Amino acid sequence: MRLLQLLLALALSVNAASHYVTVAGLGGEPDYEQRFSAWARSIDQVLRQSQIGGKVHLLIGSDATREKLRARLEEAAADCGPADAFVLMLVGHGSFDGVDYKFNLPGPDISASELAGYLNRIRAARQLVAVMTSSSGGAIEALRRENRILVTATKSGTEKNATIFARYWADALRDPSSDTDKNQAITVLEAFRYASQKTAAFYESQKRLATEHPLIEDTGRGEGVRNPSPEEGSGRLAAVFTLLRFGAAQQQANDPAKRKLFERKEELEQQIDALKYQKAAMRSDEYKKQLTALLLELARTEEELEK
Amino acid sequence: MKLRAVGLVLLAAALQAETLDACRQMDRKGRPAEAARCYQALVSARDPFVRAEALFALGRYAEANDQYRQAVAAAPKNPDYRAAWGRLYLDREQKQDAVDLFNEALSLQPDHAGALLGLALAASEGFDQMAEQLALRALAANPKLTEARVLLARMALEDGNAEKARAEADKALSIDPELLEALSIKAAADWLEDRTDSPSLRQALRLNPVYGEIYAVIARFLVLNRRYEEGVELYRKALELNPRLYKARAELGLNLLRLGQAEEARRHLEACYRAGETYPAVGNPLRLLDTYGDFRYFRRGNFILKLHQKEADLLLPYFEEEIARALAAYEERYRLRLDRPVQVEVYPNHEDFAVRVLGMPGMPALGVTFVNVIAMDSPTSRKPGEFHWASTLWHELSHVFTLAATRQRMPRWFTEGLAVRDETAVSPDWGDRISPAVVLALRDKKLLPIAELDRGFVHPSDPEQVVVSYFQAGRACTFIEKTWGFQKLLDMIHAFGKLKSTPEVIREQLGMEPEEFDRRFMAWVSEENKTTVAGFEEWKKGMRRLSELVKARDYEGIVREAPAVRDLYPEFVEDGNAYTVLADAYLARGEPQKAAAELERYARAGGRNPETLKLLAKLKEDLGRPQEAVEVLKRINYIYPRDEEVHQRLGELLLAAGDARGAIREFQALVAMRPIDEAAARYNLARAYRLAGKNEEAREQVLSALEAAPGYRPAQKLLLELSQSKEGNP
């Protein structure tokens with residue numbers, strides 16, 4: 001329970017500044033160049049339009065070099081404090097030689113171990129690195145670290161085909177249906193589940209064998225999983241790491257007249273979450289009774305907030 | 001000394017050859033134990049070829065293989081050995097290896113009768129028309145090759161030509177009056193005519209009282225003629241006489257599986273497997289049977305529906321409604337009530353469906369009927385838009401009725417023709433469209449005479465001929481209906497049920513010779529399709545031109561030229577068709593109404609691409625025609641129901657129109673798909689329940705929605721509303 005409260009507190013403190021860097025790597029062929037650029041631009045645009053605040057950077061085309069990426073990472077190392085969040089999203093091709101992963105860029109590529117060196121100097125307590133490329137699963141070992149969330153498009157370095165995961169990641173940030181808990185915020189977990197499910201559905205509908213299997217890793221142990229379950233330990237950080245917000249939620253938090261109601265609302269949400277964790281140990285009728293009571297009170301509180 | 005040694009070797013070989021023949025004779029006379037001892041004695045013969053043949057006969061296939069290899073190595077220029085070795089591979093269902101050996105034999109001796117026969121047998125397994133030519137070449141090389149005659153007889157009977165089958169069998173019997181294989185074909189011909197007291201059968205069993213193979217041969221023909229239950233009984237009889245007929249046992253297992261008798265099927269297939277018969281036609285069905293625990297069975301009145309658990313909740317409402325509708329329609333149409341429930345099995349994995357039907361993967365069909373059991377592809381087994389599951393279902397259910405009406409004694413062309421006609425009777429946009437292969441067949445006058453149309457299904461000259469034959473059979477039935485009325489089709493059904501041949505039925509029921517029927521039918525079907533046939537080359541040029549205009553984004557050009565191209569071949573609705581090209585051009589020009597009209601034409605012409613139909617639905621919605629949008633979205637459910645967006649939009653439209661029942665079905669389907677946005681799906685389902693006055697169900701759903709998303713405002717409001725209703729407040 002305490003861990004849950006701590007995590008929720010971290011989630012609520014996401015009003016601290018965030019630093020986003022999206023990179024579209026080398027496509028090689030015009031078709032891939034166009035796709036990678038489009039997906040990266042889509043991600044960048046939605047971040048700028050959201051209410052998340054913070055700094056948003058896009059490296060694309062001839063700007064997407066190793067030197068410029070290093071410069072952005074060094075800038076984040078200088079800017080970010082422990083309360084901040086840092087997000088790096090890589091879109092493109094990757095490769096794995098059995099030892100290290102490399103993200104393909106115009107000019108020299110950048111390896112996962114090199115990226116790890118820069119990322120480890122960024123003091124933001126919460127980090128997300130989404131490596132949405134072929135062979136990206138090979139980057140997990142080099143990049144893993146406590147309190148760092150890793151999302152990869154492939155489960156290992158040997159899944160070498162070009163990936164489409166990034167397309168659905170970009171869609172996740174735009175599609176309200178990815179906000180499955182309807183709190184007007186899209187977390188890393190929600191975006192991952194959306195993109196992962198859509199990727200699998202793509203191969204299934206085309207009757208093709210899937211050549212990419214996305215993973216998420218947020219325990220620091222380097223054990224990426226395909227179906228994270230916060231109740232069982234994987235995905236807990238991702239569940240409370242908000243990527244972007246939309247709608248009225250942000251404004252309510254800032255209105256002093258409604259602060260008390262807002263706090264009561266958040267209390268009720270925490271109680272509901274806590275009750276859900278206990279579901280397996282409860283009688284179903286008792287669980288339902290308690291859940292209904294909390295949900296009704298939450299609904300009435302929301303009604304008051306809307307007035 | 002050397003000469004004497006050589007002489008002794010030759011004498012020994014001659015003696016051993018005689019002994020092989022002697023062993024074979026013991027087998028043919030029904031003395032299997034003696035034959036086995038005889039072969040066993042030859043296992044240690046000096047000649048590796050003799051050893052190989054003996055081991056093959058004893059069923060010790062791996063050892064036989066080794067001995068054949070040795071024989072060939074010792075005598076690489078001997079084509080006999082390779083041809084014989086090839087027969088081992090053919091027996092073990094390794095066709096390509098067999099064919100390679102036969103070809104090697106032919107490269108040593110181009111007219112080697114045994115190798116030619118081997119190739120003919122290999123080709124005949126795939127019902128390849130080449131088989132006949134190869135058999136004739138074998139006979140030209142060796143006129144006394146009775147096995148080739150028997151093959152010709154068999155193929156003739158497969159084509160439904162009993163007269164020719166008997167003639168070929170008699171030719172073989174004139175060389176060897178005790179040839180059991182030839183007697184088997186004649187017995188099968190008798191049995192197909194319901195003459196079960198066959199003199200050929202009696203004669204064969206007199207010669208060899210344990211010749212179970214004869215019953216297996218008859219069974220195969222019965223199965224080929226869709227008389228599965230009779231076939232199963234005869235396979236059983238075959239095994240009573242000779243329990244070691246593992247091929248027959250495997251075929252019994254497969255046919256029991258086809259009839260839905262899974263447990264007994266498993267017993268027989270496992271017995272084959274334990275006996276070392278591990279080839280794919282045994283292994284594949286066993287592996288499939290292992291997955292049967294993943295299916296759920298739904299019993300409803302006069303049918304049973306088997307769906308895979310992963311899609312049962314999604315497909316159940318659509319399938320059960322359609323099955324009920326089809327059964328009611330067919331009971332009325334064919335004036336027949338079935339004596340047992342129909343079982344419909346739906347497979348999400350196409351290769352499982354193929355194994356279910358054939359024992360092997362790689363079958364192109366979408367659905368197959370076995371008496372009262374239908375197996376078909378699930379709509380999710382194919383790419384979206386690849387097939388129309390409801391049309392396939394009605395097609396197969398038609399077979400159940402028409403075959404039941406004739407106790408499974410209907411020629412293939414007629415049952416297929418009725419099924420094709422029945423599909424399109426539900427809605428003109430159901431059923432297959434006229435494909436380019438059909439257009440070419442019409443243009444080149446390649447339709448078969450009605451008396452030979454079965455051949456187009458059983459021994460097609462190429463895969464396209466099957467498609468053309470379906471078209472021809474369907475149009476023939478429609479032609480008969482339009483000319484003489486539907487009652488005439490019913491009369492023909494009953495005539496076929498009395499085992500009358502196609503020429504007999506045509507004469508008796510339509511009052512003309514088959515040739516006259518062909519003339520009239522060809523004239524009618526040519527007239528019906530004259531524009532497309534005459535304009536085919538122009539259409540192809542037109543399509544290439546449209547493709548260039550699309551690349552150049554010349555929307556003016558497309559609008560100007562596409563309608564004429566479309567009208568040359570209006571049934572062409574595949575990818576790149578003129579309808580969608582034109583609609584895209586209208587949209588690019590900001591003319592959504594014209595785009596909608598064009599896509600409406602596409603849909604009415606039978607277009608099935610779900611994305612295109614979704615676009616049509618959206619256009620209709622945007623143009624303020626929601627009811628029409630509903631009809632389009634419902635159409636997509638008949639093609640590919642695994643589309644979240646379709647269920648969402650259709651559900652919303654039905655809610656808005658006040659159709660609570662329809663909305664419930666759509667949102668239930670959405671929930672069954674476990675969408676990413678489960679909260680929204682359950683909330684919408686709650687709304688639909690609320691509309692239907694089912695407040696308790698609504699409450700359950702809204703609580704589930706809020707459990708997933710406690711802050712979901714619309715769901716919260718609904719919960720408050722429902723709570724107030726419960727408390728008796730307005």
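Remember, predicted model here, so these are calculated numbers, not experimental data. Below, read A as the first sequence line, B as the second, and so on, with proteins coming before strands; counting in each chain starts at 1.
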Side chain / backbone / both / neither for [X] at chain A, heavy atoms under 4.5 Å:
X        : result
B:Pro714 : neither
B:Arg382 : backbone
B:Glu700 : side chain

State, to 0.1 Å, how close [X] and [Y] come at their nearest heavy-atom pair, and which atoms those are.
X        : Y        : value
A:Gln197 : B:Arg674 : NE2-O, 3.2 Å
A:Thr180 : B:Ala709 : O-CB, 3.3 Å
A:Glu269 : B:Gly711 : OE2-CA, 4.4 Å
A:Ser205 : B:Pro384 : O-CD, 3.3 Å
B:Gln716 : A:Ala299 : CB-CB, 3.6 Å

[X] versus chain B, heavy atoms under 4.5 Å apart: side chain, backbone, both or neither?
X        : answer
A:Leu295 : both
A:Gln206 : both
A:Leu298 : both

Atom [atom1] of residue position [X] - does it have more than 12 heavy atoms of other residues, nucleotides or ligands inside 6.0 Å?
X        : atom1 : answer
B:Asp294 : CG    : yes
B:Asp575 : CG    : no
B:Lys614 : NZ    : yes
A:Lys207 : NZ    : yes

Discussion item. Can you tell whether the side chains of B:Arg642 and A:Glu204 come within less than 4.0 Å, N to carboxylate O?
Written reply: no
Practice prompt. Could you give me the CA-CA distance, side-chain angles and deciding distance for A:Glu302 and B:Arg713, then say whether side chain to side chain contact (heavy atoms under 4.5 Å, CB included) is met?
Written response: CA-CA 8 Å; A:Glu302 288 269 18; B:Arg713 198 68 197 105; 3.6 Å; yes
Could you give the distance from [atom1] ([X]) to [atom2] ([Y]), rounded to the nearest 0.5 Å?
X        : Y        : atom1 : atom2 : value
A:Ser177 : B:Glu645 : OG    : CD    : 10.5 Å
A:Lys288 : B:Ser704 : NZ    : OG    : 8.5 Å
B:Leu719 : A:Leu296 : CG    : CG    : 4.5 Å

Discussion item. Taking salt bridge (charged side-chain N to carboxylate O under 4.0 Å, His left out) as the definition, give me every residue that meets it alongside A:Glu303, ordered by chain and number, with sequence neighbours left out.
Written reply: none
Worksheet item: Can you list the steps and then say if B:Ile676 with A:Lys198 is a side chain to side chain contact (heavy atoms under 4.5 Å, CB included)?
Response: CA-CA 9 Å; B:Ile676 293 165; A:Lys198 291 279 190 182; 3.8 Å; yes
Item to complete: Spell out, as yes or no, whether a donor-acceptor pair under 3.5 Å connects the side chain of A:Lys276 to the backbone of B:Glu707.
Response: yes
